Amino acid sequence: MIQNRRDFIVGSAATAAMLPLAACGKADMAEYDAAAAKLRETLARDPGMLDLVRYATLAPNGHNSQPWQFSINGGFASILPDLSRRTPVVDPDDHHLFVSLGCAAENLLIAGAAHGRPGQMLFLNNDGGRIDLGLDRGKADSTALYDAIPKRQSTRSAYDGRAMPVENLKLLEAASKVDRVSVLLITDKPRREAVLEQVIAANTRQMDDPAFVQELKQWVRFNPAQALAKGDGLFGPTSGNTTVPTFIGQTLFSQFLDADAENKKYAEHIRSSPGIAVFIGDKADKDHWVKVGRSFQRFALQATALGLRHAHINQPIEVPEARTQFAGWLGMPGVRPDLVIRFGYAPALPMSLRRNVTDVLIPWEISS
Ligand SMILES: Cc1cc2nc3c(=O)[nH]c(=O)nc-3n(C[C@H](O)[C@H](O)[C@H](O)COP(=O)(O)O)c2cc1C
């Protein structure tokens, strides 16, 4: 079953050969689901900073590499880039990394506000890219976005094609408003087809790049045991795929990469999604990438609150030549579009894992 390049790309013959092995791993799936649910346990009424950090780490992030470290001190928290978790091939200038930090910061601020700890964020662009958050005491402001934090997921499946009510589009637009970030919603068929064409062209380029495939393979988790041991990466069932023993997955991953089959799957995914959102920061720097992350996170949470699913179709912004062309197609030559997201209706897939909060925490003295 071939889904897309972020999946465990295994051809049909290989899949058939692996089915008995996949069945062996079934017992672990219950353990996997329990771990994913535990990470998303509801917060206590007056949660400590550690619990707020747990909610922050539920944020989306490129390849689920979780490229962050947290440091806490009373009502203060810092989020720092963890450069050992960079993905230099797909993200050579750490664009996705800083977008991911922005997503985590937004989760922390929303969760804090919901529990009477409204906060402010400061991003020091010239200080290694550290985000500082200060939480105060105030009125609890529990919102639909807050309730959606543990329910949100990237859903990499075909959607059901249902049209999107205009009221939902308005709510998505309103929720994702962040200063110096624009969000374009594309719903008409001809323009969604034009995006699909650009996704296919850029995806083909990426799949022809051995370095891209090798980097992706490093972040794939082929079975529940491997996913649980690492607590990160891209686990097959979160994209609707089967599980296989690690050594088989790692051996067959590149061999069975099939650009045509993947591109067909992308066509099905995009054609079944009634909307595509494009996020564009006013400038191409870390400060704006964090802002884009905050805007995208608010969009994703609002979508989840409305019962909508979303998934990234970022190929046109990841391949530099494709990005230039995409900006031109948007009528914004010279601008850097930041994210491309499809959205629509679909059942949920299994949730992804995160590392334990204690594994992402560093002492305050080291961070400051
Ligand atoms: C900046 C950024 C870029 C991403 N790019 C892609 C992508 O190109 N394709 C994809 O399928 N998912 C992409 N994702 C989604 C992540 O893979 C996903 O957030 C991560 O695996 C955790 O899963 P979750 O979102 O279900 O919690 C991206 C996420 C972020 C924040």
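Treat the numbers as computed from the prediction; the structure is a model and nothing was measured. Residues: numbered from 1 along the sequence shown. Every number for a ligand or one of its atoms is a count from 1 in the order of the listing.
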Within the 6.0 Å centroid threshold, strictly below: Y32 and F235: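 When the ring centroids of Y32 and F235 are compared, they turn out to be within the sub-6.0 Å range.
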Ring centre gap for F98 and H288 strictly below 6.0 Å: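 Between F98 and H288, the centre distance exceeds or equals 6.0 Å.
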CZ/R355: more than 12 non-hydrogen atoms of other groups inside 6.0 Å: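 Yes, enclosed.
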Ligand 1 atoms in contact with S352 (distance to a heavy atom under 4.0 Å):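 Within the 4.0 Å cut-off of S352, ligand 1 contributes 22 (C), 23 (O), 24 (P), 26 (O), 27 (O).
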Test of proximity, R156 against ligand 1: N or O pairs below 3.5 Å: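 Yes, at least one N or O pair falls under 3.5 Å.
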Sub-3.5 Å N/O-N/O distance, N61 and ligand 1: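 Yes - when backbone and side-chain N and O of N61 are compared with those of ligand 1, one distance drops under 3.5 Å.
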Is the contact between [X] and ligand 1 made by the side chain, the backbone, both, or neither, using heavy atoms and a 4.0 Å cut-off?
X: L234; value: side chain
X: E318; value: side chain
X: P60; value: both
X: V99; value: side chain

Heavy-atom proximity to atom 13 (C) of ligand 1, best of M351, H312, Q297, Q206: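 The residue whose heavy atom sits nearest atom 13 (C) of ligand 1 is H312.
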Check ion pair [X]-[Y] (N to O, under 4.0 angstrom):
X: R298; Y: E106; answer: yes
X: D260; Y: K264; answer: no
X: D141; Y: K139; answer: no
X: R137; Y: D46; answer: yes

Is [X] close enough to touch ligand 1? Criterion: a residue heavy atom under 4.0 Å from a ligand atom.
X: G62; answer: yes
X: R354; answer: yes
X: R152; answer: yes

T304 and R152 side chains, donor-acceptor separation under 3.5 Å: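 Result is no, nothing qualifies.
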